[in-house]
> 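One structure, pasted below without further comment.
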Amino acid sequence: LPLYQLIGGYRDKIMAYATGPTYQTPEEYVAEAQRAAAQGFRAYKLHPYGEAELDIECCRQVRQALGQEFILMSDPVGAYDFEDAMRVGRALEKLDYFWFEEPLHDYDIHNYVRLTEALDIPIAGVEWAAGRHHLAAEYIVRGAVDIVRSDVSWKGGITGYLKTAHLCEAFGLNCEIHLGVHSLLNLANLHAACGVRNCRFLELTVEIDNFAMSPAMVLDADGMVRVPQAPGLGVDLDWELLEKNTVKVI
């Protein structure tokens, strides 16, 4: 059986959103978001620079360029203090952004609680924090996030992701999966996300990484990615290409 069926088999496809690097101008974010839309994505996440007013302007121009129907998120990767997080969060609410991710450092649970209570936009977090599902439990019971972030890359593999996702489900929260570090981990993320009910998106780069695997992950006409139906991860590997690109350390 394909892996996603073994771990729950909730769906066989999921919406993907495009994610990219940090830029320094609104125009660069607009250009990448438009490139994502041209590739077939219907959602895009910015990683803003970390300066509140500049970040608001970047988010505003991307919304203006992509229109109201396009799903947008913002992830400043812990760049703000509480006051700037509030300012940016209020602006994102007016711009109808889907979520506000990692606005504060992971250790600042107290201010995460304050922020989550004060803002209407969902706050996503716990992506970089150590402790896997154990620390996620602390955030959940304290009301420090509305959405928990996890994945198979550094949160304990597929089993670790499932533990966190099931914990979140018990509290009525989504466990949104974040980008893996290479093509096979993104594929494992796809299976994990399709195995549970409380994950809405798969995070991918604008140019989808399909290195050394076949069939490739591709977007359908609705911006969805279908999970392979062959056993296990469901792909074949190009071992010759892998060997050619392997760095041997002596």
Side-chain angles (χ1 to χ4, degrees), residues 10-23 26-48 55-77 88-89 91-103 119-125 127 145-151 153 161 165 168 173-180 183 185-187 189-210 216-227:
Y10 181 74
R11 59 172 74 83
D12 64 4
K13 63 180 179 179
I14 192 168
M15 178 175 282
Y17 69 84
T19 188
T22 295
Y23 297 110
E27 292 76 16
E28 291 172 297
Y29 285 107
V30 168
E32 184 178 67
Q34 290 175 329
R35 188 159 62 92
Q39 297 276 77
F41 286 98
R42 296 192 174 188
Y44 173 74
K45 186 172 77 179
L46 293 80
H47 286 95
D55 295 353
I56 291 170
E57 182 61 18
C58 291
C59 291
R60 186 192 67 78
Q61 289 197 28
V62 172
R63 170 57 77 203
Q64 186 176 39
L66 274 293
Q68 287 301 124
E69 298 303 314
F70 207 84
I71 298 171
L72 295 173
M73 304 90 152
S74 180
D75 176 9
V77 196
V88 175
L92 294 180
E93 289 175 343
K94 293 177 182 177
L95 293 168
D96 195 25
Y97 269 57
F98 197 82
W99 76 51
F100 188 18
E101 183 178 334
E102 300 276 346
L119 294 176
D120 293 326
I121 186 172
I123 303 298
E127 176 175 326
V145 289
D146 302 296
I147 297 167
V148 170
R149 298 277 283 161
S150 185
D151 84 323
S153 296
Y161 174 76
C168 291
L173 302 183
N174 270 20
C175 185
E176 294 295 342
I177 208 155
H178 62 79
L179 188 69
S183 57
L185 284 172
N186 287 328
L187 179 62
N189 275 345
L190 171 60
H191 279 273
C194 287
V196 301
R197 69 179 300 274
N198 58 325
C199 181
R200 184 163 180 167
F201 299 101
L202 179 71
E203 183 175 13
L204 295 172
T205 50
V206 176
E207 300 291 340
I208 299 174
D209 178 9
N210 285 300
M217 287 190 291
V218 295
L219 298 175
D220 68 15
D222 296 318
M224 311 283 279
V225 180
R226 288 191 174 273
V227 65

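Along the sequence shown, residues are numbered consecutively beginning with 1. Since we're looking at a predicted model, the values are computed, not measured.
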> In plain terms, say whether Arg35 and Glu207 are close enough for a salt bridge, that is, a side-chain N and a carboxylate O under 4.0 Å apart.
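Looking at Arg35 and Glu207, the cut-off is met.
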
> Evaluate the side-chain proximity of Tyr10 to Val196: yes if any heavy-atom separation is below 4.5 Å, no if none is.
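A side-chain contact is absent here, since even the closest heavy-atom pair is not under 4.5 Å.
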
> For Val62, does its backbone N or O pair with a side-chain atom of Tyr29 as donor and acceptor, under 3.5 Å?
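Side chain of Tyr29 to backbone of Val62, a donor-acceptor pair under 3.5 Å: no, none is there.
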
> What I'd like to find out is whether the side chain of Cys59 reaches to under 4.5 Å of the side chain of Leu92, using heavy atoms alone.
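They are in side-chain contact.
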
> With a 4.5 Å limit on heavy-atom distance, are the side chains of Arg200 and Trp99 in contact?
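They are not in contact (no side-chain heavy atoms under 4.5 Å apart), so the answer is no.
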
> Would the distance check show the side chain of Asp12 and the main-chain N or O of Arg226 forming a donor-acceptor pair, the cut-off being under 3.5 Å?
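A pair under 3.5 Å: no.
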
> Take Asn186 and Thr205, measure what side-chain contact (heavy atoms from CB on, under 4.5 Å) needs, and give me the verdict at the end.
CA-CA 10 Å; Asn186 287 328; Thr205 50; 5.9 Å; no

> For side-chain contact (heavy atoms from CB on, under 4.5 Å), just list the numbers for Gln61 and Glu27, CA-CA rounded to whole Å, side-chain angles, deciding distance to a tenth of an Å, and then say yes or no.
CA-CA 8 Å; Gln61 289 197 28; Glu27 292 76 16; 4.1 Å; yes

> Below 4.5 Å, heavy atoms only, C-beta onward: do Tyr17 and Glu176 meet side chain to side chain?
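A side-chain contact is absent here, since even the closest heavy-atom pair is not under 4.5 Å.
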
> Is any side-chain heavy atom of Ile147 less than 4.5 Å from a side-chain heavy atom of Ile123?
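They are not in contact (no side-chain heavy atoms under 4.5 Å apart), so the answer is no.
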
> Measuring only between side-chain heavy atoms, which start at C-beta, is Glu203 closer than 4.5 Å to Asp151?
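Answer no - side chains too far apart.
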
> Kindly determine whether Val225 and Leu204 satisfy side-chain contact (heavy atoms from CB on, under 4.5 Å), including the steps that lead there.
CA-CA 10 Å; Val225 180; Leu204 295 172; 4.1 Å; yes

> To the nearest 0.5 Å, tell me how far Tyr44 OH sits from Gln34 CD.
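Rounded to the nearest 0.5 Å, the OH-CD separation comes out at 10.5 Å.
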
> Side-chain contact, heavy-atom cut-off 4.5 Å: Asp55 with Leu46?
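Contact flag for Asp55/Leu46 side chains = no.
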
